[in-house]
There are 2 protein chains.
Amino acid sequence: MLVSDSKPEERRAPRARISDVAQALGLTKATVSRALNGYPDISESTRARVRHKAAELGYSPLSHAQAIRTGRARSLGIVLQVGDQDGQRPFVADFLAGLSSAASAENWTLTVATATTEEDMLATMGRLIDERKADGFVLPRTKVADERIRMLRRLSIPFVLFGRTGDPESCAYFDILGEDAMALAVRHLHGLGHRRIGYIGGGDGFYYSAVRSAGYRAGIEAVDLPFDPAIVGGGAYTVDAGMREADRLLAADEPPTAILCATDMCALGVCRRASALGLRVGGDLSVIGYDGVPEGAWSTPPLATFEVDSRVAGLHLANLLIRRIRGENPADLRETAHARFLDRGSAARPMMSSAELREHVARATGR
Amino acid sequence: MLVSDSKPEERRAPRARISDVAQALGLTKATVSRALNGYPDISESTRARVRHKAAELGYSPLSHAQAIRTGRARSLGIVLQVGDQDGQRPFVADFLAGLSSAASAENWTLTVATATTEEDMLATMGRLIDERKADGFVLPRTKVADERIRMLRRLSIPFVLFGRTGDPESCAYFDILGEDAMALAVRHLHGLGHRRIGYIGGGDGFYYSAVRSAGYRAGIEAVDLPFDPAIVGGGAYTVDAGMREADRLLAADEPPTAILCATDMCALGVCRRASALGLRVGGDLSVIGYDGVPEGAWSTPPLATFEVDSRVAGLHLANLLIRRIRGENPADLRETAHARFLDRGSAARPMMSSAELREHVARATGR
DNA sequence: CCTCTTGCCGAAACCGGTTTCGGTGCTGAA
DNA sequence: TTCAGCACCGAAACCGGTTTCGGCAAGAGG
C-alpha cells in the first residue's frame, strides 16, 4: 500500500519525538508531556530543562498524535460561502492571509472548505467537526438569526464571528463598525450640501444590513434631516438590484441628490443606472458605497466607499478563536474596528436640486 | 486543561470506531482495517460484510488516527502568495471552492496557508510537511525554474502544478493554454483590420509569461505579420507597469493600433494611459487582456479579455493531486483547458492608422 | 520518632487506527 | 495417509502522544 518512489539517498532527518527528548534527559515521556503542557506537578527546574532540550532537538508535538487523545488538532476551520453574487470575494485572499499568519504564529493551521447553500454549509461544518478536522470555526457573513451559531452552540464547539448577531450571548466576535461608517457618510454628504440623502440597504437577514441601516438613520437624525421611506430601499447587494432600486428612489416625488449604499456592488449598479439616465455621477447625483471592492476604483468616476482591512480582520479573528478554544470567556473576546473612508469622485457637491433632478429623470425615462 | 462549558444534556452521538464495527461482526479490528483498505488476504465475502456494517454504523476512519501510523492525513496543502500586486486574487475564492469540493468528495480536506515571499513560502511548506499537515501540494503561479518544485522533488512529496514549468519531469499539472488564447487574440485583431499589433508580456520568470509570449509570436507568424521588438514589451503585470509600457510602445516610429497584454492589470494600465493621451480605447487603440478580472468589466470601455474558470481548475487539480498521492504516474496526470474569450468594447476595428496614431501621440505628449 | 502531607516523577493504560507475524483449517499432491 | 501450501483471520505490537494512578522522598506537624 505504501508508495515509495523516493530516492533512498535523499532522506530528511527524522523528526524528534517525545521519547527522544525524554531519553536525552533521563526522564519518561509522561514527564516531558506534562512539563510542556504546563501541568502543575512538574518542578520549575525540570520544566526548564525539558523546554531547553526540546528546543535544542527541534521537538514539537505532532498534532495528529495529540488529537487522537485530546480530540484537538490545533486547526482553525472556516467554511466559505461561494457561488452567490456578493462582493466579498475579492477580499478572501487577504482575509485568509490574516487568518493563516496569526494561526501559524501559534503553530496552528487553517482548514478551509466551501459551501454553496446554507444547508451545505451546515453539513460541511458538521463533517469537519465529526472528523475533528477543526477545533473551532470562524463564521463570516453573520446573520441576525444564524443557523451556524445555533448548531455550534448546541454542539458546544468554539467559534468566533466576523460580524455580530441578534443574540450575542456566548459569542466572541470581531466586527467593523458599519454603523459609524454610514453615519459618517451621511454627515459627509450633508457637509457637501446635500439635503436629500437616500439609502439602499444590503442583503436581508445579514447583520451588517441592520447595523448599516441603523447608522444611516442615526446620521440622518444627527444632521436633522427627516427620514423618508420614499428614498430608502433595501435588499440590494448586486449590481442589478442596485439599478432597480436606483430607479425606484429617483422616481420619488422628491428624489435624492445623493444615494448611500450598504454595499459597493449596489452602489455600482446605482452609478450605472444614473449614467444611463444621463446623470453625471459625482455631480448631478452623488453615490457612496461600502466594502472597497476593486471594481470601484475602475468605474467612472471612481466610487467613494469605505475600505475594510480584511487581513487585519483575519489576524484578529484567528487570535480570538484560538483564545476561545483555549477556554477564555466569549464576553472578553469582542473587538471592533473602523472602516476607512475613501473619498473619491462619485461623492461631490450637488449640482442639481432635487426638483431639477426630478425633471431630468422624468424626461430621461419618457414620463 | 480541558474546557468543559458544555451543557451535559446536549451530547451528540459518539462516532463509531473501528472496534465497534469489529465487535458487531465478531471480527478483530485488524481484519476490519485490512478489509476496508483493500488488503488481498481478506475474503471477498468478509470484505462485503465489513463494508456493509461500516456503512450501517456510519463508520469512517479518523484521519489523525490513521496519520499517526501511515503518515498521511488525507489533506491537500496549498500555500497562497499574497501581498504582491498581481491580479490573481479575485479568483482565490472560486479556486478554493473547486479544490475544496473535489477534496470533500473523496473525504479529503484542504489546508491553506499563505506566504509573502518565496523564502517564506518554502519555509511554510516545509512546516506543513514536517507537521504532516499536508500529504501533497497544489502549486499555483509556477515559474520556469521553480524552487518549490526542487524542494518537493528532493523530499519526494507529491505535488501538482497549476501551470507548467521548464523541466516537467515528474510533474503532474493542469494548465490553461495561454498560448492558444494569445494566438487567437492576434487572429481576432487581424480579422478586425489591425496590422500593427503590439504585445506586453507578464511577470518575468513565470511560466505563463513564456507561453503567452510564444502564443503571440505564433499568432503574428500565422497572419504573416513581422515580429517587431519595438512594439513588444514585457515584465508588466501591474497597472503602473502597463502605463509605462504603453508609453514606450506608443512612442515607436510605427506604433501599434492594437496592444495585446499578458495580464488584465497591465491591459487596464494601457487603457488608462491611452485615455490620458486622448485616445479612444476600442477605436483609436484596441486593447485585449487576459485573466478576466472583475475590474475589466467596469473600465470604460469594458476590457476584452480571456476568462479562466478557476473553480474548474481547482476541481481538476485536487483530483490530480489525490491520484498523484495515491501513487499514479505523473506523466499520466496532465490536463489542459482553454480560456474563454470575452469580446468586449476595448477591441474593435482600427479607426486610426499607425501613422495617424503616431501624430496624435506626438501632439499629446508635446513632442 | 512517627505519621501525614505535599511535591515530584515513573509505570502503564489509553486514544483509534495500521501492520507484522503467526496460527488455524482446508486443499491438493506425493 | 501425510505433508506442503494456500487462503484467511486473530493476537499483539506499534505509531506518538496524553492522562490516570500510584509511589517515593522530603518536610511539616504532633
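Side chains are part of it too, since the values below use all heavy atoms of this structure and drop only hydrogens, waters and symmetry mates.
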Send over the distance from [X] [atom1] to [N] [atom2], rounded to a whole Å.
X        : N       : atom1 : atom2 : answer
Gln23(B) : dG10(D) : CD    : P     : 13 Å
Glu44(A) : dT6(C)  : CD    : P     : 20 Å
His64(A) : dT18(D) : NE2   : P     : 14 Å
Lys29(A) : dT18(D) : NZ    : C1'   : 9 Å
Leu36(B) : dT19(C) : CG    : C1'   : 15 Å
Leu25(A) : dG10(C) : CG    : C1'   : 15 Å
Tyr39(A) : dG17(D) : OH    : C1'   : 12 Å
Arg15(A) : dC15(D) : CZ    : P     : 15 Å

Donor-acceptor contact below 3.5 Å, side chain Asp309(A) vs main chain Arg311(A):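 Side chain of Asp309(A) to backbone of Arg311(A), a donor-acceptor pair under 3.5 Å: yes, one is there.
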Arg34(A) backbone acceptor or donor facing Asn37(A) side chain under 3.5 Å: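 Such a contact is absent between Asn37(A) side chain and Arg34(A) backbone.
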Terminal axis angle for the helix from dC1(C)-dG30(D) to dA30(C)-dT1(D), five pairs an end, nearest 10 degrees: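 About 60° separates the two local helix axes.
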Looking at [X], I'd like to know whether one of its side-chain N or O atoms comes within less than 4.0 Å of OP1 or OP2 on [N].
X        : N       : answer
Tyr59(A) : dG16(D) : no
Thr31(A) : dG10(C) : yes
Ser43(B) : dA7(D)  : no
Thr70(A) : dC15(C) : no
Gln66(B) : dG17(C) : no
Arg69(B) : dG17(C) : no

Toward the 5' end of DNA chain C, by each residue's nearest nucleotide, Pro61(B) or Leu27(A):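 Here Leu27(A) is the residue nearer the 5' end.
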5'-most by nearest nucleotide on DNA chain D - Asp41(A) or Val32(A):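 Counting from the 5' end, the first nearest nucleotide belongs to Val32(A).
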Using the side-chain heavy atoms of [X], tell me which of these nucleotides is nearest: [options].
X        : options                   : value
Ile42(B) : dC9(D), dG16(C), dG17(D)  : dC9(D)
Ile18(A) : dG16(C), dT18(C), dT18(D) : dT18(D)
Arg17(B) : dG17(C), dA11(C), dC9(D)  : dG17(C)

Are [X] and [Y] close enough that a side-chain donor and a side-chain acceptor fall under 3.5 Å?
X         : Y         : result
Ser170(B) : Arg153(B) : yes
Arg15(A)  : Ser60(A)  : yes
Thr116(A) : Asp120(A) : yes
Lys133(B) : Ser75(B)  : no

Salt-bridge contact Asp332(B)-Arg324(B) (side-chain N to carboxylate O under 4.0 Å):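 No, no charged N to carboxylate O under 4.0 Å.
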Touch class at under 4.0 angstrom, heavy-atom based, for Ser19(A) against every strand present: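 The answer is nothing, as Ser19(A) stays clear of every strand by at least 4.0 Å.
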Check: dT20(C) base within 3.5 Å donor-acceptor of Arg34(B) side chain: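 In this structure, the two groups form a donor-acceptor pair.
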Single hit among Arg74(B), Arg326(B), Arg323(B) for salt bridge (Lys or Arg N to Asp or Glu O under 4.0 Å) with Glu106(B):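 Filter result, single survivor: Arg326(B).
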